[in-house]
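Notes to accompany the following structure.
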Amino acid sequence: MTFVDLAEPVLDDAYRLAGYLLGDATEAQDAVQDALTRSWQAWPTLRDQGKFEPWFDRILVNVCRDRLRKRRGVRVEELNDELTVYTEDPFRAALAENEVAGLMRVLNADQRIVVGLRFWRDLSLQQIADLLGIPLGTVQSRLHYALRALRDEADRTARAGGLSAQARR
Amino acid sequence: MNERDIERRLRDVVEGRRPPAPESLHRFLREMPESEADRRLGPIARVRWALARASALVPPQPFGRQMRLAAGLALAVLIGLAGGAVLIDLRQTPAAPVASESLPAIATPRVTPPRSMSAPPSAAEASLGLKNLTADGLAVANRGMALPTTAIVTRSGEYLGVTDSTFGGASGASGVVHSGDGLFWDWSPPTEINPQAAILTSIASDNLDTIVVTGGAQGMDGVTDGRIWVSVDDGATWQEVADESAFKGVMVQVVVHGAGQFVALGWNDVSSADTLRPVAEWQSVDGLTWTRVTSPIKGTAAVIVPTAAGFLLSGTPLTPGAIDEPPMWHSPDGVTWTRSKAIDNTAQLIGPLVSATVTARSHVYAISTSNDGWSHTLAASADGGLTWSIVKPDASLPSAASISHVASLNSHDPQYGDVEYLFATLSQGGPNVYVSTNGGVTWKVAQDTGAGGPTGTTLLELGSGYLAGKTRILSFGVPGTGLGIWRIDVPPGT
């Protein structure tokens with residue numbers, strides 16, 4: 001099979017994974033293109049074509065991780081809500097409408113990736129470990145601490161909301 | 001909201017939402033060259049190909065990313081042809097400069113662990129306390145500053161560290177961070193190190209004036225090249241090592257100093273093929289001139305620590321060893337590696353290391369992966385890493401299999417004399433910083449003397465970076481998952 005034959009069937013899933021991890025459709029498209037280019041160059045090293053999808057997913061996740069890391073050095077300017085057209089970006093819209101997903105900012109790149117693979121790609125913990133090439137225990141701990149961080153942040157947000165409501169009264 | 005609620009709401013994100021890949025992506029894929037010759041395009045041909053792809057992408061926008069991609073590729077090749085050193089990724093919007101937060105530097109005496117201890121190991125009960133470092137009442141991680149993954153003490157008594165993706169405050173990014181006292185860190189990367197173009201991974205000092213920072217940067221060709229920066233004046237000025245070809249195609253992941261030289265290791269983790277490639281190794285006496293040497297390991301992970309006799313290295317072996325040989329090597333110079341031995345038929349229980357510490361008495365304690373692939377085993381060596389045996393903690397440590405990191409510290413206890421402290425962080429909830437004074441057999445929870453305390457906080461990643469001195473260990477945490485820096489105070493030293 002050619003590279004295109006192998007990559008075409010996984011493209012939709014790859015795009016969705018990148019989209020939810022990065023929270024941006026345009027960036028997801030760039031990430032998938034990067035991953036396609038990298039995998040295309042490295043394709044001759046893939047011994048078992050039957051393992052193309054996890055191999056490609058691993059490359060894609062690494063691309064997303066790099067992008068999440070680089071993002072931390074970029075100052076994010078908040079846009080006026082009226083100017084932000086979420087409806088044109090399905091990933092932004094999905095994440096913005098979900099109160100927990102909106103707290104993902106507290107997670108580091110590795111935690112975000114594990115959360116994404118678990119809940120948005122519906123992989124088992126063992127599948128995540130295999131995909132990322134890390135021990136199962138590391139996956140478990142990353143997920144555990146990510147969920148705890150989200151819970152804590154949700155509690156903090158709720159408390160802050162309650163305090164501001166009291167102040168308004 | 002409990003964690004089940006969190007899980008349920010996370011799953012809701014994708015419920016009924018399955019946006020397909022846009023047609024432009026399918027077109028990008030279909031137009032990729034298939035032949036082997038195309039795959040091995042030279043730089044000029046690759047630019048032509050990239051330009052052609054850029055024109056085939058989604059509707060062009062003024063100064064859109066497609067044009068930037070093409071321009072970036074072309075510029076990168078021009079720079080490359082001109083012998084330039086940097087590949088510029090114009091697809092990334094240049095980051096706004098991160099405001100440096102200057103804090104008053106508190107002069108701290110240079111702390112150096114004692115290199116020899118005459119007293120035998122003490123069975124003293126350690127009366128240690130963990131203090132969160134909130135001198136002004138603010139948690140360090142909430143100050144928006146970058147926290148280091150690894151750090152050194154400079155000759156002038158200040159601290160320099162590097163950040164990576166795991167750590168860093170709100171304004172953090174991969175780069176060099178600085179502290180006057182080890183408690184409060186400001187984001188002040190030397191201008192010679194561009195944190196936007198590179199990911200920094202490790203820092204080491206020769207305890208004199210030379211400091212080496214390692215990392216890598218990905219070019220437009222998708223290939224990550226290693227980078228090394230050197231300061232020969234205790235961090236005042238920096239220069240990048242000129243011989244880029246030495247680090248071509250592999251990120252430099254870790255550097256240590258011992259036996260009068262620097263040793264750096266490098267690997268990539270882009271594809272499954274990387275797990276089969278040898279781990280790259282370089283050696284340098286002055287930090288400026290690096291020589292590629294052969295490592296005995298392969299894959300995408302390694303642990304290396306300096307010992308009194310040279311270096312200890314661990315990773316996945318290139319070639320299988322004998323039945324009594326765990327995946328560990330020792331070397332007097334970082335060049336010639338000798339496989340270590342395990343005693344008591346325990347070699348099969350010792351896998352590649354995930355963490356190691358060398359005490360002032362040259363005892364080595366290490367956490368290895370075990371046979372089941374993810375639980376951990378505590379191993380120890382009394383001869384600097386030549387021979388190894390398993391340590392079996394008693395019931396005072398709730399789960400030896402979940403030790404994620406070890407660190408050590410020597411100090412003089414007024415009641416018990418010189419004490420060798422061994423710290424372990426556990427990857428499970430509950431109390432997760434433990435200390436042992438008898439070589440890892442019995443443990444007790446490090447006492448909390450600060451607000452919040454280690455109980456219930458996230459200390460899993462704390463051990464990923466630490467500074468060990470005569471009187472304290474500083475550990476670095478993950479912003480958003482717990483407090484940032486904890487100090488472990490020990491009894492007054494001599």
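Residue numbering restarts at 1 for every chain, and letters A, B, ... go by the order of the sequence lines.
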Sort A:Val115 into side chain, backbone, both or neither according to what part of it lies under 4.5 angstrom from a heavy atom of chain B.
-> side chain
Sort out for me which of A:Val139, A:Asp122, A:Val100 touches chain B most, counting heavy-atom pairs under 4.5 Å.
-> A:Val100
Which atoms of B:Glu15 approach chain A - backbone, side chain, both or neither, heavy atom under 4.5 Å = neither
Flag the pair B:Leu29 / A:Phe3 as yes when at least one side-chain heavy-atom distance between them is below 4.5 Å, and no otherwise.
-> yes
Do other residues, nucleotides or ligands put more than 12 heavy atoms under 6.0 Å from the CD atom of B:Glu23?
-> yes
Basic-acidic side-chain contact under 4.0 Å: A:Arg151, B:Asp5 | no
Turns out that what part of A:Phe119 lies under 4.5 Å from chain B's heavy atoms comes down to both
Residues B:Pro19 and A:Tyr20: closest non-hydrogen pair is CD-OH, 4.0 Å
Is it the backbone or the side chain of A:Phe56 that comes under 4.5 Å from a heavy atom of chain B, or both, or neither?
-> neither
Which atom names give the shortest non-hydrogen contact between B:Arg9 and A:Asn98, and what distance separates them?
-> O-ND2, 2.6 Å
Heavy-atom proximity to chain B below 4.5 Å, by part of A:Ala7 | both
After noting the C-alpha distance and the side-chain angles of A:Leu147 and B:Leu10, does the key distance pass the side-chain contact (heavy atoms from CB on, under 4.5 Å) rule?
-> CA-CA 10 Å; A:Leu147 292 175; B:Leu10 283 171; 3.9 Å; yes
For side-chain contact (heavy atoms from CB on, under 4.5 Å), just list the numbers for A:Glu8 and B:Arg30, CA-CA rounded to whole Å, side-chain angles, deciding distance to a tenth of an Å, and then say yes or no.
-> CA-CA 8 Å; A:Glu8 187 86 47; B:Arg30 286 195 296 268; 3.8 Å; yes
Of all the heavy-atom pairs spanning A:Tyr15 and B:Pro20, show the shortest one and how long it is.
-> CE2-O, 3.2 Å
Nearest-0.5 Å distance that lies between atom CD in A:Glu97 and atom CG in B:Asp12 | 11.5 Å
Interchain contact, A:Asp12 with chain B, by part (heavy-atom threshold 4.5 Å) | both
